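Owing to the predicted nature of the structure, the values given are computational and were not obtained by experimental measurement.
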Amino acid sequence: MMPYIIRSIAKKLFSKKYLLVTNTVSCGVLMGLGDCIVQNIERKRTNPDKEHDWRRTGNMFLMGIVMGPFNHAWYSLLDKYIIGKQSVIRKILLDQVCASPFFAFSFFMGLGSLEGEPMEQSLTEFKSKFWRVYATDWCFWPPCQFINFRWVPPRYRVIYVNLLTLCWDAYLSYMKHDYKQAEL
């Protein structure tokens, strides 16, 4: 009975009707969860008595909610227009050259705005951290995207990426919050 219920719910969540909502909410939840992981690591490393910063986690969640529809649209466009024999390699290259810089910029600018930073400060932070984030992106995402574009069915692509993004979001949270403090 339980496997049937789970299959039924999953079928509905990943149906064309609800896919955008599923992708958007999962992006927000996993981005918030990534921040929770980083905050736990930070507490264990520096101050076990420090309280969890729920506002920071909420801001990460909101960034995921904002970026979720873009992820959904991006993968839909890639699947619609990039087809053929070399499509996997072309999709990976387009993802790295176009989407990665856009999402890094959106992350630093959007989260900076949510945290009350002046736009100039967010832009300066983005510029100072971009190449490190982008270099790490090139190491992490191409192998993940090869699997995604080669074997993952299109309707599961964003959720697959969102699950991997849990690790990536923890890294981004570190770059945004802890790495910033290490520079001072």
Side-chain angles (χ1 to χ4, degrees), residues 6-35 37 60-114 122-123 125-176:
I6 292 170
R7 268 195 312 273
S8 177
I9 291 170
K11 186 176 180 180
K12 190 172 261 188
L13 288 175
F14 291 99
S15 69
K16 194 170 187 165
K17 184 176 180 181
Y18 297 107
L19 191 57
L20 174 61
V21 173
T22 299
N23 289 338
T24 300
V25 171
S26 66
C27 194
V29 167
L30 291 168
M31 192 168 265
L33 187 57
D35 181 65
I37 291 168
M60 290 287 286
F61 169 79
L62 287 174
M63 279 309 303
I65 293 293
V66 169
M67 294 170 84
F70 291 105
N71 279 331
H72 178 86
W74 175 248
Y75 291 111
S76 297
L77 285 170
L78 287 179
D79 288 335
K80 183 175 181 178
Y81 294 109
I82 311 297
I83 54 175
K85 209 173 186 180
Q86 298 294 318
S87 66
V88 171
I89 300 301
R90 280 187 253 158
K91 286 177 181 179
I92 291 170
L93 285 173
L94 280 170
D95 194 58
Q96 289 303 120
V97 172
C98 300
S100 293
F102 168 77
F103 285 117
F105 179 79
S106 298
F107 174 80
F108 281 102
M109 296 303 290
L111 202 54
S113 176
L114 287 171
S122 297
L123 189 57
E125 181 182 23
F126 168 72
K127 288 177 182 178
S128 74
K129 295 178 180 178
F130 173 73
W131 289 109
R132 183 177 176 139
V133 168
Y134 195 47
T136 306
D137 190 289
W138 271 93
C139 295
F140 182 80
W141 284 111
C144 298
Q145 293 294 40
F146 180 82
I147 292 166
N148 189 23
F149 296 131
R150 181 78 172 98
W151 292 296
V152 177
R155 69 180 182 174
Y156 299 121
R157 288 209 171 126
V158 174
I159 195 70
Y160 166 81
V161 166
N162 284 348
L163 290 170
L164 292 169
T165 297
L166 181 59
C167 297
W168 184 249
D169 292 341
Y171 170 73
L172 287 178
S173 180
Y174 165 75
M175 288 300 293
K176 174 68 180 150

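Considering only heavy atoms from C-beta on, Val133 comes within 4.5 Å of Tyr171 through its side chain. The shortest distance between side-chain heavy atoms of Thr24 and His72 does not fall below 4.5 Å. Using a 4.5 Å heavy-atom cutoff, the side chains of Phe107 and Met175 are not in contact. Between Ile82 and Phe149, the closest side-chain pair of non-hydrogen atoms is not below 4.5 Å. Side chains of Leu20 and Pro69 form a contact here, defined as non-hydrogen atoms less than 4.5 Å apart. Contact annotation: the side chain of Asn71 never approaches that of Asn23 to less than 4.5 Å [non-hydrogen atoms, C-beta and beyond]. Residues Arg90 and Leu93 form no side-chain contact, since every pair of their non-hydrogen atoms from C-beta on lies 4.5 Å or further apart.
Ring pair Trp131/Tyr134 is perpendicular by interplanar angle, where above 60° counts as perpendicular and below 30° as parallel.
Within a 6.0 Å radius of CG in Leu166, other residues, nucleotides and ligands contribute more than 12 heavy atoms. No more than 12 heavy-atom neighbours from other residues, nucleotides or ligands sit within 6.0 angstrom of CZ on Phe70. The neighbour count for Trp138 CH2, taken as heavy atoms of other residues, nucleotides or ligands under 6.0 Å away, is above 12.
Atom CG of Asp95 is separated from atom CD of Gln145 by 4.5 Å, given to the nearest 0.5 angstrom. Taking CG of Leu78 as the start and CZ of Arg157 as the end, the distance is 8.5 Å to the nearest 0.5 Å. To the nearest 0.5 Å, the span separating CZ on Phe146 from CZ on Arg150 amounts to 6.0 Å. Taken from CG in Leu172 to CE in Met60, the straight-line distance is 6.5 Å, to the nearest 0.5 Å. In this structure, the separation between CG on Leu114 and OG on Ser122 is 9.5 Å, given to the nearest 0.5 Å. The distance from atom OG of Ser113 to atom CG of Leu62, rounded to the nearest 0.5 Å, is 11.0 Å.
When all heavy atoms of Met67 and Cys27 are compared, the closest pair comes out as C-SG, 4.4 Å.
When the side-chain hydrogen bond (donor to acceptor under 3.5 Å, both in side chains) test is applied to Tyr81, no partner is found at least two apart in sequence or on another chain. Among residues two or more places apart in sequence or in another chain, the side-chain hydrogen bond (donor to acceptor under 3.5 Å, both in side chains) test is passed with Tyr160 by none.
Under the 3.5 Å distance criterion, the side-chain polar atoms of Ser173 are left unmatched by any main-chain donor or acceptor of Asp169.
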Problem - Asn148/Tyr75 under side-chain contact (heavy atoms from CB on, under 4.5 Å): CA gap, chis, key distance, verdict - result: CA-CA 10 Å; Asn148 189 23; Tyr75 291 111; 4.0 Å; yes
Exercise for the section: Could you please spell out the steps behind the side-chain contact (heavy atoms from CB on, under 4.5 Å) verdict for Phe105 and Leu123? Expected result: CA-CA 8 Å; Phe105 179 79; Leu123 189 57; 3.9 Å; yes
Practice task
With side-chain contact (heavy atoms from CB on, under 4.5 Å) as the test, would you mind laying out the steps for Phe130 and Phe108 before giving the verdict?
Solution key: CA-CA 9 Å; Phe130 173 73; Phe108 281 102; over 6 Å; no
Exercise for the section: Assess whether side-chain contact (heavy atoms from CB on, under 4.5 Å) is satisfied between Trp168 and Leu30, documenting all intermediate values. Expected result: CA-CA 10 Å; Trp168 184 249; Leu30 291 168; over 6 Å; no
